[in-house]
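Structure first, then comments.
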Amino acid sequence: MQISNANLAYTLFRLANLMEISGEPGAKVQAYRTAAQQILEYPEKLANLTLTGRALTTIKGVGESIASQLQAMLTDGHMPRYEELKAEVPEGLIELLSIRGLGAAKVRTLHTALGIAGIDDLREALEAGRLREAKGFTPRTEDRIRRSLYEFSAHRGRTLRALVEPTAMALVELLEALPGVTRAVPAGSYRRGLETVGTLDMVVASDSREEVHRALVAWDFFFGWSDGQPDTMAFLTDSDLHVAVHLVPPGAFGTELHRRTGSAEYLAALTEGLDVLEEPLAESEEQYCAALAIPCLPPELRSGVESLNEVRISGMPELIVVGDIRGDLHMHTTHTDGRNTVEEMARFCRERGLEYLAITDHTRNVRVAGGLFPEEIPGYLEAIELANQRVPGITILKGLEVDILADGSMDMPDEIMAQLDVVIGAIHSHFDQDSEAVTRRVLTAMEHPLVQFIAHPSGRLVGSRSPLLLDFDRLYSAAERTGTMFELNANPERLDLHDQHCRRARQLNIPVVINTDAHAVQQLDNLGKGISQARRGMLAATDVLNTRPLPAMLELLQRKRNQQ
DNA sequence: AGGCTTCTGCCTAATAACGGGACCGTTAT
């Protein structure tokens, strides 16, 4: 079996974490992360590279030292430096790095001063109020950590759904290619489109257990059976993902798929009061639901009971699909922290069949991103104009993602914002404001006549950064009054608006804008992730701004300005 | 540690907020 690039890359990422904790210089750690990222994106298998006699150092970011670690792993499956440090560094310390407010230095302090060696220790110390005993930790630091810990715990041990997707697709392909397999479909929280997945459940229709078993063991990404119980067909992939394959005879596929899609809470509510002593065996979900005379909701609506009640009252919704989107109104280019030019972004969008896109680079407040200063805007707009002429067949709109500063003012003069087609307001700093301050901050931006929608409104990052303490009821009122809209950001780490806020927006008739926030052409394909989230939020195509043709979309976008 | 050039030595995403001790390290965006 050949080691995959992903496996090599993730080992380097893990090694970088270990090095950081053990106090290696930041630049060195960074070098390992850069190399890992390059390998992740490398078009060819590294294993092939060495087989054909080419040096690993031809990869950007890989020098002698990292190449020798990689070579060792390719040869005998182990990376010496990694194994070494892994034995030295307490395992739990790595997990602590993903808590916001804790870097390597602070983690070391916690370990030496308070004996904290993992998340559970951290939680205990926090609850006992002991954290402030360590140097560099104040009640304020505690607050920060407490909030981050809360978000972390909600997704602990789970993987971003977007990272599971390639594995899920590959498994479907692998299994459906087997002569004895008629269907292979991912179920569970993956199918329900949740932000993160714990175990990837696969429902497979086949009478040949032996065949499936053999195929899994021979699979490139197979690492080993979990729990030493091959009968459950539960295994680990080489990137540490838990997979459970549920094998059923084709005649019971629908029944099993429905059951394994869940959620438990949904299934309980669905069959409540029903006499289901014996489950009907059905080939498809539709047949299964029909046999029991129960509604067959789209999987994205099966995570709770809320949608079930709504569907029972107002009927089955027609949820949005990817093909409904006609334009992407939030993306970055080489003018700030994007990796591709305006023209490249536009060509890619055109290939994907979009009718329009907006280039919306950062403003100066976002320093790391090289945010634009007002005096740079004329050149920026010219570049967009030029690209617009050079890429026929799609319309490129001029926009900016303007920072909402701490006091609610916008990070760009009105005269400049007035020249744009798309003005997005977004928060990238001062995430720790109290509820009143941050709510008023966003309200102020929404009241601004030139701000058309708010990007990633809650500011949460899945599993690491808690949402801003926003009072959404007040934001909805402002949206209704001013015509300001909310974005559903399709970046897999954001997925923000959250589902419950999508529902509310829909009820109040506030259009949602679904955008990728792409920083590279490949990320333009993230639209689907946003759509999954929108479907969980029960949005139909008509609830979304950018499903409209350009003129209708622009009209809604301009509504605020015309009101002035 | 790697990349680039100066082929030995310098820079690595720029800057603000915070906390401890009055300038500097840590962390985040």
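These numbers come from a predicted model, not from an experiment. So that the names make sense, note that chain A is the first sequence line, chain B the second, and so on, each numbered from 1.
Here A:Gly370 lies out of heavy-atom contact (under 4.0 Å) with every strand. A:Val368 comes within 4.0 angstrom of a base, heavy atoms only. Among the heavy atoms of the strands, none lies under 4.0 Å from A:Val29. Within 4.0 Å of A:Thr141, counting heavy atoms only, lie sugar-phosphate atoms of the nucleic acid but no base atom. Residue contacts shown for A:Ala104 are limited to sugar-phosphate atoms, with no base heavy atom under 4.0 Å away. Counting non-hydrogen atoms under 4.0 angstrom, A:Arg364 reaches nothing in the nucleic acid. As judged by a 4.0 angstrom heavy-atom cut-off over every strand, A:Glu24 is placed among residues making no nucleic acid contact. At the heavy-atom level, A:Arg144 lies under 4.0 Å from the strands shown only through sugar-phosphate atoms. Backbone-only contact: A:Ile99 has heavy atoms under 4.0 Å from sugar-phosphate atoms and none from a base. Residue contacts shown for A:Ala105 are limited to sugar-phosphate atoms, with no base heavy atom under 4.0 Å away.
Straight-line distance from the CG atom of A:Asp337 to the P atom of B:dA13: 13 Å, rounded to whole Å. In this structure, A:Leu131 places its CG atom 13 Å from P of B:dG19, rounding to the nearest Å. Look at CZ on A:Phe373: it is 11 Å from C1' on B:dT15, rounded to the nearest Å. Rounded to an integer number of Å, the gap from A:Ile59 CD1 to B:dA1 C1' is 15 Å. To the nearest angstrom, C1' of B:dG3 lies 12 Å from CD1 of A:Ile66. With rounding to whole Å, A:Asp143 atom CG is found 16 Å from B:dA17 atom C1'. Atom pair A:Phe137:CZ and B:dT26:C1' shows a separation of 10 Å (rounding to whole Å applied).
Nucleotides B:dG20 and B:dT27 place their C1' atoms 15 Å apart, quoted to the nearest Å. Spacing between B:dA17 and B:dC10 at atom C1', rounded to whole Å, works out to 29 Å. Only the P atoms considered, B:dC4 is 13 Å distant from B:dA13, to the nearest whole Å. To the nearest whole angstrom, the two P atoms, one in B:dG21 and one in B:dA16, are 24 Å apart. Straight-line distance between the C1' atoms of B:dA22 and B:dT29: roughly 26 Å, to the nearest whole Å. Nucleotides B:dC18 and B:dC11 place their C1' atoms 27 Å apart, quoted to the nearest Å.
Nearer the 5' end of DNA chain B, as judged by each residue's closest nucleotide, is the contact made by A:Ala31, out of A:Val107 and A:Ala31. Along DNA chain B, the nucleotide closest to A:Lys106 and the one closest to A:Ser65 are compared, and the more 5′ of them pairs with A:Ser65.
By the 30° and 60° cut-offs, the orientation of the rings of A:His335 relative to A:Tyr380 is perpendicular. Between A:His456 and A:His428, the angle of the ring planes goes over 60°, which puts this pair in the perpendicular group of the 30/60° scheme.
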Please tabulate, for the side chains in residues 405-412 of chain A, all donor-acceptor contacts under 3.5 angstrom to protein atoms that are two or more places apart in sequence or on a different chain.
unit_1	atom_1	unit_2	atom_2	d
A:Asp407	OD1	A:Ser409	N	2.9
A:Asp407	OD1	A:Ser409	OG	2.7
A:Asp411	OD1	A:Arg364	NE	3.4
A:Asp411	OD2	A:Thr363	OG1	2.8
A:Asp411	OD2	A:Arg364	N	3.2
A:Asp411	OD2	A:Asn365	N	2.7

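For B:dC18, the OP1/OP2 oxygens have a side-chain nitrogen or oxygen of A:Arg140 closer than 4.0 Å. Between A:Ser429 and the phosphate of B:dT29, there is no side-chain N or O to OP1/OP2 separation shorter than 4.0 Å.
One finds the CG atom of A:Asn546 at 12.5 Å from the NE2 atom of A:His330 (value rounded to the nearest 0.5 Å).
For the side-chain contact (heavy atoms from CB on, under 4.5 Å) criterion with A:Glu493, the lone passing option out of A:Asn491, A:Asn489, A:Leu495 is A:Asn491.
Taking each heavy atom of A:Leu40 and A:Ala6 in turn, the nearest pair found is CD1-CA, 3.9 Å.
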